[in-house]
Amino acid sequence: MSRAPTASTGPAPPRIARGGWLDALRFIVGAMIILYHFREAAPTPLGQLHPVFDRGYLLTNFFILDSGYVLARIYGDRLAAGQASVRAYSRQRLLRVIPAHLAVSLVLVAIVGGAALAGVAPSNPRWFDWSQLPAQVLLLQAYGVPGGQGWNAPTWTLSALIGCYLLLPWICRVVWRMTPLAALLGAIALLVVGDQAAVMWLGDPLYRLPLWFGILRALPLFLLGVAAAYFGSRVYVAPRAAGLIGVSAALALAALQAFGPFSLASLGLMTVIIWAAGAVPVGRPSRLVEQLALMSFAMFLTNEVSRIVWFGLLEAVGQDNAPSGVRWTLWTIGFVGAFAAAAVFRYGFDRPVQTWINPSRTAVDKPPVAGSPATPAAGAIRLANPSRPDIPGEQRACGPPVTIGSQTTVMAAPGDRPRRAPGLRP
């Protein structure tokens with residue numbers, strides 16, 4: 001648990017809430033991931049227009065960072081203090097991911113299997129190698145289990161994130177014993193050292209490891225997100241200053257990408273952007289932004305299936321012979337259709353299922369010990385709807401401030417698929 005000094009109460013870091021910049025970022029990056037997955041199907045592959053369109057690994061890394069940040073802001077204090085049920089938390093996270101994943105996998109298997117029964121073979125059969133399917137369906141591909149390539153390939157990220165989710169209680173217990181700055185610097189050091197080790201021993205930088213090393217790739221990034229959340233929940237920065245820092249980091253990231261990947265620097269800037277988005281209060285939550293962010297998981301999970309189906313149909317009717325303008329129109333319809341398919345999946349399947357298996361107000365906190373107050377511990381977070389615990393409402397009792405010079409520091413009380421072999425395009 002954090003060791004907060006005793007002093008008078010000062011300004012506290014704002015809570016994270018729905019309908020703000022964190023939600024906006026999730027949707028924007030989700031849309032960019034769809035664009036990345038559709039890039040090669042364009043009449044002119046988008047990577048030929050600018051190399052930035054081929055850097056989808058950075059978008060995947062953003063979602064891993066963001067997942068660590070958001071979950072640590074929601075659950076961190078209680079998990080670190082032992083005031084939350086690890087079993088209930090783990091159940092929530094598993095049920096949030098697995099039913100939707102299995103449903104999409106079943107749909108894809110039905111489409112490919114049905115086409116095979118009808119005598120229609122995929123143009124790239126290796127992408128639909130049945131021997132690769134078990135590891136992917138069981139979400140084991142990020143742990144060195146053979147298989148998982150092709151099909152709905154981006155699900156390696158879910159495989160790796162499940163491991164990160166289950167480790168979060170113990171990560172928080174370690175991180176919350178450190179000072180916020182030490183935790184942040186330690187996470188950065190781990191990422192840099194891990195990257196050098198990955199290059200030396202595995203032949204790839206950490207942030208671009210192939211799917212069978214997915215957990216090794218995801219865990220340091222997830223930990224950096226957790227450290228940024230711990231820092232953000234303890235260190236107060238004026239909202240205007242935080243906003244300026246976030247905008248500056250976003251502009252710097254765009255400038256870097258115009259000239260090259262600069263991957264480690266880009267990861268650092270993305271972390272700053274996520275922290276800044278959480279440091280700016282949500283004064284007027286947008287219901288539209290909230291709903292778009294809630295759809296981002298469905299976008300991530302379904303866009304590959306939408307791409308396979310749409311462009312498979314166009315290939316079957318011979319779109320390659322159509323004029324360029326027609327092909328761009330069809331590509332745009334497919335790109336927009338991926339959002340529509342995600343919305344149908346979100347509101348037609350995912351939300352009803354989550355309401356059923358993860359009903360709202362499900363308790364995560366442990367029952368109060370006899371003789372202890374029944375009220376939540378300081379720093380406890382109220383889940384607005386635990387069936388969607390991405391960025392629920394948060395309330396916090398803030399601890400004493402520490403003044404350093406003229407700055408007041410507040411101590412709060414206790415979603416890139418693997419690179420594909422050339423020509424292996426479904």
Side-chain angles (χ1 to χ4, degrees), residues 1-17 67-94 96 161 163-187 190 219 222-236 275 278-279 358 360-386 389-402 409-414:
M1 291 177 285
S2 59
R3 298 181 290 272
T6 57
S8 58
T9 301
R15 66 177 184 171
I16 60 171
S67 295
Y69 178 87
V70 170
L71 290 179
R73 287 296 299 265
I74 295 170
Y75 296 108
D77 285 333
R78 290 177 296 159
L79 290 173
Q83 295 168 341
S85 166
V86 174
R87 180 179 178 181
Y89 157 78
S90 300
R91 176 184 179 276
Q92 269 186 3
R93 299 316 306 162
L94 292 174
R96 181 66 193 93
L161 279 174
C164 296
Y165 295 159
L166 298 181
L167 288 172
L168 182 62
W170 291 272
I171 292 174
C172 290
R173 290 173 188 178
V174 173
V175 170
W176 262 241
R177 293 180 180 275
M178 306 168 70
T179 64
L181 183 59
L184 188 58
L185 294 177
L190 179 64
L219 192 54
F222 186 84
L223 178 59
L224 180 58
V226 171
Y230 180 49
F231 185 89
S233 68
R234 296 314 197 253
V235 177
Y236 173 79
W275 163 82
N358 261 347
S360 61
R361 307 297 179 186
T362 300
V364 174
D365 293 317
K366 288 183 177 179
V369 178
S372 65
T375 56
I381 300 165
R382 177 182 60 83
L383 293 184
N385 187 343
D390 295 312
I391 313 178
E394 175 185 355
Q395 60 185 21
R396 180 188 301 104
C398 292
V402 179
T409 302
V410 177
M411 307 297 290

Original post:
Would you say the side-chain atoms of Y230 pair up with the backbone N or O of M178, donor to acceptor, closer than 3.5 Å?
Top reply: yes

**OP:** Quick one: closest heavy-atom pair of P180 and V235, and the distance?
**Re:** CB-CG2, 4.1 Å

Original post:
Does the pair W176 and V226 meet the rule for a side chain to side chain contact (heavy atoms under 4.5 Å, CB included), with working shown?
Top reply: CA-CA 10 Å; W176 262 241; V226 171; 4.0 Å; yes

Original post:
Ring centres of Y69 and W275 under 6.0 Å apart?
Top reply: no

Subject >> Reported CG-to-SG distance for the pair L71 and C164, which is rounded to 0.5 angstrom >> reply: 10.0 Å

**OP:** Nearest 0.5 Å please: distance from the CZ atom of R93 over to the OH atom of Y75.
**Re:** 5.5 Å

Original post:
Which heavy-atom pair separates A72 from A229 by the least distance, and what is that distance?
Top reply: CB-CB, 3.6 Å

Subject >> Exam field: side chain Y89 to backbone Y165, donor-acceptor pair closer than 3.5 Å >> reply: yes

Subject >> Smallest separation among heavy atoms of P14 and A279, with atom names >> reply: CG-O, 3.1 Å

**OP:** Could you pull out all residues at least two apart from L167 that satisfy side-chain contact (heavy atoms from CB on, under 4.5 Å)?
**Re:** I171, L219

**OP:** For residues R173 and V86, report the shortest heavy-atom separation together with the two atoms involved.
**Re:** NH2-CG2, 3.8 Å

Original post:
Quick one: CG on L185 to CG on L190, what's the gap to the nearest 0.5 Å?
Top reply: 12.5 Å

Subject >> Least distance between heavy atoms, S67 atom then L161 atom >> reply: OG-CD1, 4.0 Å

Subject >> Minimum heavy-atom distance between A80 and C172, given as atom pair plus value >> reply: CB-O, 3.6 Å

